[in-house]
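For reference, the structure is listed below as structure tokens.
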There are 2 protein chains.
Amino acid sequence: MKRSAQVFEYSKDTEQLAKFAKALGHPARIIILKHLSNQSCCFTGDLLEVLPLAQSTVSQHLKELKDAGLILGEVNPPKVKYCIDMENWKIAQQLFSTLFREDFSKIDCC
Amino acid sequence: MKRSAQVFEYSKDTEQLAKFAKALGHPARIIILKHLSNQSCCFTGDLLEVLPLAQSTVSQHLKELKDAGLILGEVNPPKVKYCIDMENWKIAQQLFSTLFREDFSKIDCC
DNA sequence: AATATTCATCGTATATTTGCGATGAACAAT
DNA sequence: ATTGTTCATCGCAAATATACGATGAATATT
């Protein structure tokens, strides 16, 4: 990718918000999160009935949501119970809210 | 990518939210949006002073934000003035708000 | 012991994203 | 006419993402 040796760093908040947004950037993962926030918790199998995807693909999406910190997986072999990671969920809520809650009163040019 | 011939379709809202989130999924684009919402409008050149990226790369990020409907580019050769697309911005605000504004009172399992 | 269920991970194929430099288009100023 | 400014787009390279089937691990059931 020809990445130049960057000295630059984005702020923590910016990185965090981009990370959350990226994890939300696929319809399947939106579905998963909506499902989790409606059903409190669920197993991978439950999601297979909701999503038109192979089990391995869903597992991959779950991994990405977990890596982003949006969900938690409670292992209970051979099942895994997933639920929203409330701590980070609130942070995400806050970051998105801040991004959108800007004061546009001064805008008059477009 | 071995995509199977899907009959399935995600809901409009889900697709729309994922599209917005995807566009927000890079720190450079977060910076751009924050800059725009602070400065009302700006030119590409202004962003080059804020971002550690080549002009062509910034232009590419702007294109993605434009394609997602989050910003507008008012051509004024040889300059282009960018600003937030307020109409879609409000929709995004609404969609994210709805996603996060879930009632978790019933949750007691994790 | 054999089988079934649940799930993560690996290997593979393809698409998309990120980034750069180079080029070119559009106009303004010389 | 030439030059400078501003910006999009092209061509390229490398990294990431999306998706599948296959395999394997863990456990429960038979």
Side-chain angles (χ1 to χ4, degrees), chain A residues 1-10 14-15 18-32 36 41-68 70-83, chain B residues 1-10 14-15 18-32 36 41-68 70-83:
Chain A
M1 213 195 284
K2 233 192 281 182
R3 293 185 185 282
S4 50
Q6 297 283 1
V7 196
F8 189 90
E9 276 196 18
Y10 296 106
T14 298
E15 291 275 13
K19 189 172 170 182
F20 284 143
K22 194 171 185 180
L24 292 173
H26 192 288
R29 295 194 288 268
I30 297 285
I31 301 275
I32 291 172
L36 284 179
C41 293
C42 73
F43 304 105
T44 306
D46 303 334
L47 295 168
L48 293 180
E49 294 167 15
V50 181
L51 291 166
L53 297 169
Q55 178 263 321
S56 58
T57 306
V58 172
S59 185
Q60 182 60 31
H61 283 306
L62 287 166
K63 176 172 157 41
E64 276 174 55
L65 287 171
K66 204 162 54 179
D67 288 348
L70 290 171
I71 64 172
L72 289 170
E74 194 186 330
V75 184
N76 192 0
K79 291 202 171 192
V80 179
K81 188 167 67 179
Y82 287 100
C83 57
Chain B
M1 212 193 283
K2 234 191 277 182
R3 293 182 186 283
S4 50
Q6 298 283 359
V7 196
F8 189 88
E9 274 195 20
Y10 296 106
T14 297
E15 291 274 13
K19 190 174 170 183
F20 285 144
K22 193 171 185 179
L24 292 173
H26 192 287
R29 296 195 286 268
I30 298 285
I31 300 276
I32 291 173
L36 285 178
C41 293
C42 74
F43 303 105
T44 307
D46 303 335
L47 295 169
L48 293 179
E49 295 167 15
V50 183
L51 291 166
L53 297 169
Q55 178 263 319
S56 58
T57 306
V58 173
S59 186
Q60 181 60 31
H61 283 305
L62 287 166
K63 177 173 158 40
E64 275 175 55
L65 287 171
K66 205 162 54 179
D67 288 349
L70 290 172
I71 64 172
L72 289 170
E74 193 185 329
V75 185
N76 193 0
K79 291 201 170 191
V80 180
K81 190 167 66 180
Y82 287 101
C83 57

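Residue numbering restarts at 1 for every chain, and letters A, B, ... go by the order of the sequence lines.
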Nucleotide N/O of nucleotides 21-24 of chain D paired with protein N/O under 3.5 Å:
residue, atom, partner, partner atom, Å
D:dG21, N7, A:S56, OG, 3.3
D:dG21, O6, A:S56, OG, 3.2

Atom pairs, N/O to N/O, protein against nucleotides 28-30 of chain C, distance under 3.5 Å?
none

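Interatomic distance, B:C41 SG to B:L36 CG, rounded to the nearest 0.5 Å: 7.0 Å.
Between the CG atom of A:N76 and the C1' atom of C:dC7 there is a distance of 12 Å, given to the nearest Å. Protein atom CG of A:D46 is 16 Å distant from nucleotide atom P of C:dT5, rounded to whole Å. Atom NZ of B:K19 is separated from atom C1' of C:dT16 by 15 Å (rounded to the nearest Å). Taking atom CD of B:E74 as the reference point, atom C1' of D:dC7 lies 15 Å away to the nearest angstrom. Rounded to a whole Å, the NZ atom of B:K66 is 8 Å from the C1' atom of D:dA8.
Neither OP1 nor OP2 of D:dA26 sits under 4.0 Å from any side-chain N or O of A:K79. The side chain of A:K81 places no N or O atom within less than 4.0 Å of a non-bridging phosphate oxygen (OP1 or OP2) of C:dC7.
Residues from residues 23-31 of chain A lying near DNA chain C, meaning a heavy-atom separation below 4.0 Å, are absent. For the segment residues 58-65 of chain B, the set of residues with a heavy atom within less than 4.0 Å of an atom of DNA chain C comprises B:H61, B:E64, in numerical order.
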Show every donor-acceptor pair shorter than 3.5 Å between a side-chain atom in residues 44-64 of chain B and any protein atom, with sequence neighbours excluded, or say none if there are none.
residue, atom, partner, partner atom, Å
B:D46, OD2, B:F43, N, 3.0
B:H61, ND1, B:R29, NH1, 2.9
B:K63, NZ, B:D67, OD2, 3.2
B:E64, OE1, B:R29, NH1, 3.0

